[in-house]
Amino acid sequence: MDFAQHSYKVLIVSSSDKFVRPMLDMLPEKMFEPIETASDVAQARRKLLEREFDIVIINSPLRDEFGTKLALDICQKSSAGVLLFVKADSDITSKVMQYGVLTISKPTSPSMIMQSVQMLCSTRERLRIMEKKNASVEEKIEEIRIVNRAKCLLIEQLKMTEPEAHRYIEKQAMDRCVTRRKIAENIILTYK
């Protein structure tokens, strides 16, 4: 298992400098870099279009929106962890929790904030692993699709049976020391 530490890209969205300054001081540069800030939802959305973030911290309410819609949009459109700061008497937590938004009631302690950020980092690592597995499965499915397409062309063009076409692709891949996919792609280019 690789325990190399990742650097997390962070976006802090807050209309208040009194919130941003302590947050910047709290997040160590070695672990959180780059850290960008936005003062409203419109600016945050522009930054989200420009770059992917691992963690988005939202201090509600914002100037142009409360912040919950932004939090929900981020959870639905990206794999970023979202930490939403809300007033203590708010019932927002029950509304956003099912979408994967983590909430903290204001006021809170620095240790509680860091614990929540660490939880988001941990969750982000689990998502990275799942994304790698998903990409691997998608690559394998794509290879199978390409090989099957090549087999169909061999059956159609050279009147091979399915086992013969399969054996031909396998043998060519072994003889040339390349992948079955590479052989299949060459067959597709030849007979298309």
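Note that the structure is predicted; figures quoted are calculated from it, not measured.
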Practice item. Please test Leu120 against Leu102 for side-chain contact (heavy atoms from CB on, under 4.5 Å), starting from the C-alpha separation and ending with a verdict. Key: CA-CA 8 Å; Leu120 287 176; Leu102 184 61; 4.1 Å; yes

**Study point:** Exceeds 12 heavy-atom contacts within 6.0 angstrom, atom NZ of Lys106
**Key:** yes

**Study point:** Greater than 12 external heavy atoms within 6.0 Å of Lys182's NZ
**Key:** no

What I'd like to find out is whether the side chain of [X] reaches to under 4.5 Å of the side chain of [Y], using heavy atoms alone.
X	Y	answer
Ser7	Met31	no
Lys151	Val147	yes
Leu153	Met160	no
Glu170	Ile183	no
Ile113	Met26	yes
Ile58	Phe85	no
Glu65	Ser60	no

Review point. Are Tyr8 and Phe53 close enough that their ring centres sit under 6.0 Å apart?
Key: no

Practice item. List the steps, then state whether side chain to side chain donor-acceptor pair (under 3.5 Å) holds for Ser16 with Ser14. Key: CA-CA 5 Å; Ser16 167; Ser14 177; 4.8 Å; no

Study note, to complete from the structure: Taking every heavy atom of Ser116 against every heavy atom of Ile104, the minimum-distance pair comes out as OG-CD1, 3.2 Å

Exercise for review: Establish, from distance only, whether the side-chain atoms of Glu131 and Ser79 form a donor-acceptor pair under 3.5 Å.
Suggested key: yes

Revision key, fill the gap. By side chain to side chain contact (heavy atoms under 4.5 Å, CB included), Lys87 pairs with (sequence neighbours left out) Asp89

